[in-house]
Amino acid sequence: MRATIGGRTVGYDAIGNGEPLLFLHGFPLHRRMWAPQLAALSPRAHCIAPDIRGFGESTPEPPFTMDQYADDAIALLDTLGVSDPVVVCGLSMGGYIAFALWRRHSTRVRALILADTRATADTPEGRRNRAALIETARSQGSAAIARLHGPTLLSERTLERNPETLDVVRAMIAAQSSDAIIGASEAMLERPDSTPTLGTISVPTLVVVGANDGVTPPPVAETMQRAIPGSRLERLPLAGHLSNLERPAAFNGVVAEFLSSLS
Ligand code: MLT
């Protein structure tokens, strides 16, 4: 589906009934990465999955910042008439956006699911890697990012046993505009350290991490979870960074259990 908000096109899926559940995708993917969750959870939740500004079907128009992405998500909820607080489920970059959403719009947040993400800002090495990725996107486009970056998001086991998952991920990345990839990379480079935010989180929070996540490994998730009052951590065996795509049934199971614990 598409909406026009502030003159820009926003691609989104919205399906199901029940508790509103907002899915924020990772980089450099789009809303379809949540297809297994929408299929499994829509019988019990109103699942809303936007394309972050620039990705998928959403117009690649600056500014690109975590704050803007968070405001965009709220603008979509407003357009859809969703005024009740939502459960926000963000994976990796989606988690960075979830932190901004909490800081800026906490009254709209019923609970948080932080999957395969980190609170800290980029390290010097992370900044160098990001600058290299921006250069590749500029000079070679999204197909090169799909080829080089795609496999780093998945566990060895997924690459060996479910190579079609890599095909799906690469197709999503290759379909992106370079502007979206560069804009989001610069936004992530500039994002603040969200560590001070963790202690302010006062809604139920579930942290999820793939046991074989090489991008935001389990110790990162453990440190983050310990700093969020009353939060829980679920490790998904055999999953890498895209735990929702690599172990969809396990991911859906822990999310469904978390939703039940809210009511
Ligand atoms: C993601 O999956 O969204 C990325 O790994 C986030 C990042 O590059 O920091």
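What you see is a predicted model; the values in this text were computed from it and never measured. Both ligands and their constituent atoms are indexed starting at 1 by order of listing.
- Looking at Asp213 and His241, their side chains do bring a donor and an acceptor atom within 3.5 Å of each other.
- Thr197 and Thr200 share no side-chain donor-acceptor pair at under 3.5 Å.
- Residues forming a side-chain contact (heavy atoms from CB on, under 4.5 Å) with Thr117 (at least two apart in sequence, or on another chain): Tyr96, Leu114, Met224.
- Remark: the Ser142 side chain and the Gln176 side chain contain no N/O donor-acceptor pair separated by less than 3.5 Å.
- Partners of Ser177 by side-chain contact (heavy atoms from CB on, under 4.5 Å), not counting sequence neighbours, listed by chain and number: Pro60, Asp179, Ala180.
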For ligand 1, which of its N or O atoms have a protein N or O partner closer than 3.5 Å, and how long is each gap?
unit_1	atom_1	unit_2	atom_2	d
ligand 1	2 (O)	Phe27	O	3.4
ligand 1	2 (O)	Ser92	OG	3.0
ligand 1	2 (O)	His241	NE2	2.8
ligand 1	3 (O)	Phe27	N	2.7
ligand 1	3 (O)	Ser92	OG	3.1
ligand 1	3 (O)	Met93	N	2.9
ligand 1	5 (O)	Ser92	OG	3.3
ligand 1	5 (O)	His241	NE2	3.2
ligand 1	8 (O)	Arg130	NH1	2.9
ligand 1	9 (O)	Tyr96	OH	2.6
ligand 1	9 (O)	Arg130	NH2	2.8

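- Judged as a ring-ring contact (aromatic ring centres under 6.0 Å, His included), the pairs with a partner in residues 40-67 (not counting sequence neighbours) are, in order, His25-Phe55.
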